[in-house]
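Let me begin by presenting the structure, written as structure tokens, before commenting on it.
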Amino acid sequence: KVSGIPCVFDCHQPVVVADSHTATQLFYIGQEAVRNAVTHAGAKHIIARLSSDDSKLALSVCDDGTGSPGILPAGSGMGIRIMRHRAAVIGATLTISQAEGGGTLVACILPWE
């Protein structure tokens, strides 16, 4: 609401996260990815998705902004470093790539144990 950019949250089925620490890290990763889309990418639309299956939990944020020039190096920007750290703390992987049709896709995958 603050930016005026439409942001849709897509979660077809409830996703249960085992503990509040993991849920908090996922929240902040999603928040930073949305903030980057608004602040740096010039996005007009943002879609955040949360899903799970038998093997993993997946959080993704996709925008239609200017996109990232390929996969960003690990040292890119403080926000990206913090997102990578948050993912590592909970045992997840974070990838940042070009979204289909342009824009940026941030994906955080947490394998179930």
Side-chain angles (χ1 to χ4, degrees):
K1 288 182 178 183
V2 172
S3 69
I5 297 170
C7 185
V8 175
F9 178 65
D10 182 14
C11 183
H12 293 290
Q13 305 237 342
V15 174
V16 177
V17 180
D19 60 83
S20 63
H21 174 71
T22 300
T24 299
Q25 300 308 318
L26 290 168
F27 171 82
Y28 285 126
I29 290 168
Q31 182 181 51
E32 181 64 23
V34 169
R35 183 184 351 261
N36 287 345
V38 170
T39 305
H40 303 296
K44 303 272 189 248
H45 300 90
I46 302 167
I47 300 172
R49 290 188 173 94
L50 183 65
S51 62
S52 65
D53 60 24
D54 291 339
S55 64
K56 69 185 175 308
L57 179 148
L59 168 68
S60 67
V61 176
C62 186
D63 69 64
D64 62 354
T66 57
S68 61
I71 298 174
L72 299 172
S76 296
M78 186 59 79
I80 292 172
R81 282 187 232 167
I82 292 170
M83 284 193 296
R84 290 187 194 284
H85 173 75
R86 288 182 184 284
V89 164
I90 59 174
T93 58
L94 185 89
T95 59
I96 301 170
S97 60
Q98 191 80 24
E100 202 171 303
T104 303
L105 172 64
V106 176
C108 182
I109 307 298
L110 175 64
W112 294 129
E113 293 184 16

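The analysis underlying the following values was restricted to heavy atoms, covering all of them including side chains, and did not include hydrogens, waters or symmetry mates.
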Separation between CG (L110) and CD (Q25), nearest 0.5 Å, reads 11.5 Å
L94 versus V106: any side-chain heavy-atom pair under 4.5 Å? yes
Report yes if the side chains of E100 and L105 come closer than 4.5 Å at any heavy-atom pair, otherwise no. no
Yes or no on side-chain contact (heavy atoms from CB on, under 4.5 Å) for L26 and I90, after CA distance, side-chain angles and deciding distance? CA-CA 9 Å; L26 290 168; I90 59 174; 3.9 Å; yes
Shortest non-hydrogen pair, A43 vs D63, comes out as CB-CB, 3.7 Å
Side chains of R49 and V8 in contact at under 4.5 Å (non-hydrogen atoms): no
Work out which heavy atom in L59 is nearest to a heavy atom in G30; give both atom names and the distance. CD2-N, 3.9 Å
Please give me the minimum heavy-atom distance between G91 and P111, naming the atom from each residue. O-CD, 3.5 Å
Can I80 and E32 be said to form a side-chain contact (heavy atoms from CB on, under 4.5 Å), step by step? CA-CA 8 Å; I80 292 172; E32 181 64 23; over 6 Å; no
At what distance, to the nearest 0.5 angstrom, does NE2 of H45 lie from SG of C7? 11.0 Å
Given 3.5 Å as the limit, does a donor-acceptor pair link the side chain of W112 with the main chain of S52, or not? no
So, do R84 and I96 sit near enough that their side-chain heavy atoms are less than 4.5 Å apart? yes
Side-chain contact, heavy-atom cut-off 4.5 Å: L50 with F9? yes
Show the nearest heavy-atom pair for residues D10 and H12, with the distance to one decimal. OD1-NE2, 3.0 Å
Whether over 12 other heavy atoms sit under 6.0 Å from H85 NE2: no
Exceeds 12 heavy-atom contacts within 6.0 angstrom, atom OH of Y28: no
V89 and R86: CA distance, side-chain angles, deciding distance, side-chain contact (heavy atoms from CB on, under 4.5 Å) verdict: CA-CA 5 Å; V89 164; R86 288 182 184 284; 5.7 Å; no
Please test I109 against L57 for side-chain contact (heavy atoms from CB on, under 4.5 Å), starting from the C-alpha separation and ending with a verdict. CA-CA 6 Å; I109 307 298; L57 179 148; over 6 Å; no
Rounded distance [0.5 Å steps], SG in C108 versus CD1 in I29: 4.0 Å
Where do D64 and K44 land on the salt bridge (charged side-chain N to carboxylate O under 4.0 Å, His left out) test, with the steps shown first? CA-CA 6 Å; D64 62 354; K44 303 272 189 248; over 6 Å; no
